[in-house]
Amino acid sequence: SLELEKYPPMASPSSGGTGKLLPKERQRASFKAETLEEILYGKAGALSARSDPFLELFARPPFNDGDMDAFRSYEEKWCKTMERTSTAVEVIRNNPKLMMSHMSQKVSMRELFPTGSLGIHFSMFLTFIRTQASEAQQKKWLGPAQEGRFFGAYAQTELGHGSNLRGLETTATYDKTMQEFVIHSPSLTSMKWWPTGMYCCTHAAVMANLIIDGENLGFHGFMVQLRDEEGRVLPGIEIGEIGPKINADLTNIGYARFTNLRIPLFNMFARAQQVTPEGKYIKPASKAVSKFKYISMMNIRVDFVFGSFDVLAKAATIAIRYSCVRQQGYKRNDQPELGENVVLDYQMQQYRLFKALSLAYMFYWNARYIRDYLGRIQKGMMEGDQAAAEELPE
């Protein structure tokens, strides 16, 4: 075909002579790639069309050198991601169309430049405000948070416990005389450990056990300011960065310890439950509503599965494409002029690579199903249908 004719047929100093192999393999497909793209991402071309209008805004420093991140030290990567994030905030503020597309989740920053850990602010932290804050709290916090006037972490996991919420040790004791909560880390294992973005965030949604008159009422969320307007850590708070991990790309993963830190009564997330100034606890309307507190963590778990799809799909694509252009072993040893076998034609290679490819699709469809499932529950709850949360697991 004309598509194949443009590739050099023979090896040369500037070509391995394999340029035609990948287009030839694509022509053998039993389906149209455009149709598959439409099934996965909507109307053909919609995936690129979402971000393409804004790519030019990020085609400059500090965004356009992500290929060098692998060669940077841990500290250099941390500084680079902070530079990109702060610059991106200014770009978004100066481009209302991009801001609206981002706020409506039509465009992800990951499609535009190599992002850092502060993406947790736009996922878990904002979701928690939207779903757990009262109307008065949303009026105070949501607008500034959406505009990046402050950045928040989601502080649930502790050194001793994570998803076992009943094992969390951080306490929030209500002081009636001052109408304040006292946030405290009573032990080493109670320090918040691994919250993404914690080291450089100004605020955090802190999960702690609510204690009133000595009674432990279970975990609740509290808005805690970590730093003042100059970026200095507030008294009663210790914050740090936990350092290099197995995945060296993940910087800005922190820890926090609280020592009798006082916050206003207003700062307990109060959409479903409240504490009166006199110290009376008003329970959620139902157990189902109480389970809705998990929604931010559930959403981020879905992101983990989407992330697994993303990296596995990329790896499988690279390996499969290479296996289409890599030749190994003559088709007939007595007739080398017939050429070599393409590596992908070997059944063992197909078994290994197609298994990885199918697993990537499995991740995608499962994540999409759960995302839609949680979205339906969240929509129902936000519209006042308390029964919507009854589908959530314990």
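Every ring pair (Phe, Tyr, Trp, His ring centres under 6.0 Å) that W78 has, sequence neighbours left out, goes to Y199. Partners of H184 according to the ring pair (Phe, Tyr, Trp, His ring centres under 6.0 Å) rule, which considers only residues two or more places apart in sequence or in another chain, do not exist here. Qualifying ring pair (Phe, Tyr, Trp, His ring centres under 6.0 Å) partners for F125, counting only residues two or more places apart in sequence or in other chains: H121. Contacts of T189 classified as side chain to side chain contact (heavy atoms under 4.5 Å, CB included), with partners at least two apart in sequence or in another chain: E169, S187. Y330 meets the ring pair (Phe, Tyr, Trp, His ring centres under 6.0 Å) test with no other residue; sequence neighbours excluded. Residues that satisfy the side chain to side chain donor-acceptor pair (under 3.5 Å) test with S117, not counting sequence neighbours, are N252. Shown here are the side chain to side chain contact (heavy atoms under 4.5 Å, CB included) partners of I370, two or more places apart in sequence or in another chain: V302, L374.
Residue pairs satisfying the salt bridge (Lys or Arg N to Asp or Glu O under 4.0 Å) criterion with at least one member in residues 76-87, sequence neighbours excluded, are listed as follows: D65-K80, D65-R84, D69-R84, K77-D249, K80-E83. Contacts classified as ring pair (Phe, Tyr, Trp, His ring centres under 6.0 Å) and involving residues 334-361 (residues at least two apart or in different chains) are not found. For residues 83-118, the pairs satisfying ring pair (Phe, Tyr, Trp, His ring centres under 6.0 Å) are F58-F113, F63-F113, H102-F122, with sequence neighbours left out. Screening residues 231-258 for ring pair (Phe, Tyr, Trp, His ring centres under 6.0 Å), with sequence neighbours left out, gives W193-Y255.
Aromatic ring pairs are classed by plane angle as parallel below 30°, tilted from 30° to 60° and perpendicular above 60°; the pair Y373 and Y369 is parallel.
Under a 4.0 Å N-O distance rule, the pair K379/E383 qualifies as a salt bridge. Between D372 and R376, none of the side-chain N atoms (NZ, or NE/NH1/NH2) sits under 4.0 Å from a carboxylate O, so this pair counts as no salt bridge.
Side-chain contact between K97 and N95 is absent, with no heavy-atom pair separated by less than 4.5 Å. In this structure, M381 and T131 have side chains that are not in contact, with every pair of non-hydrogen atoms separated by 4.5 Å or more.
The number of heavy-atom neighbours closer than 6.0 Å to NZ of K245, taken from other residues, nucleotides and ligands shown, is above 12. Within a 6.0 Å sphere centred on CZ of R110, other residues, nucleotides and ligands contribute 12 heavy atoms or fewer. Heavy-atom contacts from other residues, nucleotides or ligands closer than 6.0 Å to CE of M100 number 12 or fewer.
The six-membered or imidazole ring of F306 lies away from that of F363, with a centre-to-centre distance of 6.0 Å or more.
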Result block: side-chain N/O donor-acceptor pairs under 3.5 angstrom for residues 144-154, not counting sequence neighbours:
from : atom 1 : to   : atom 2 : distance (Å)
E147 : OE1    : R149 : NE     : 3.3
Y154 : OH     : Q156 : OE1    : 3.1

What's the verdict on side chain to side chain contact (heavy atoms under 4.5 Å, CB included) for L217 and Q273, showing C-alpha distance, side-chain angles and the deciding distance? CA-CA 11 Å; L217 296 166; Q273 63 284 308; over 6 Å; no
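N341 contributes no side-chain N or O that, together with a main-chain N or O of V343, makes up a donor-acceptor pair within less than 3.5 Å.
Counting all heavy atoms, side chain and backbone alike, N260 lies closest to V182 at CA-CG1, 3.5 Å.
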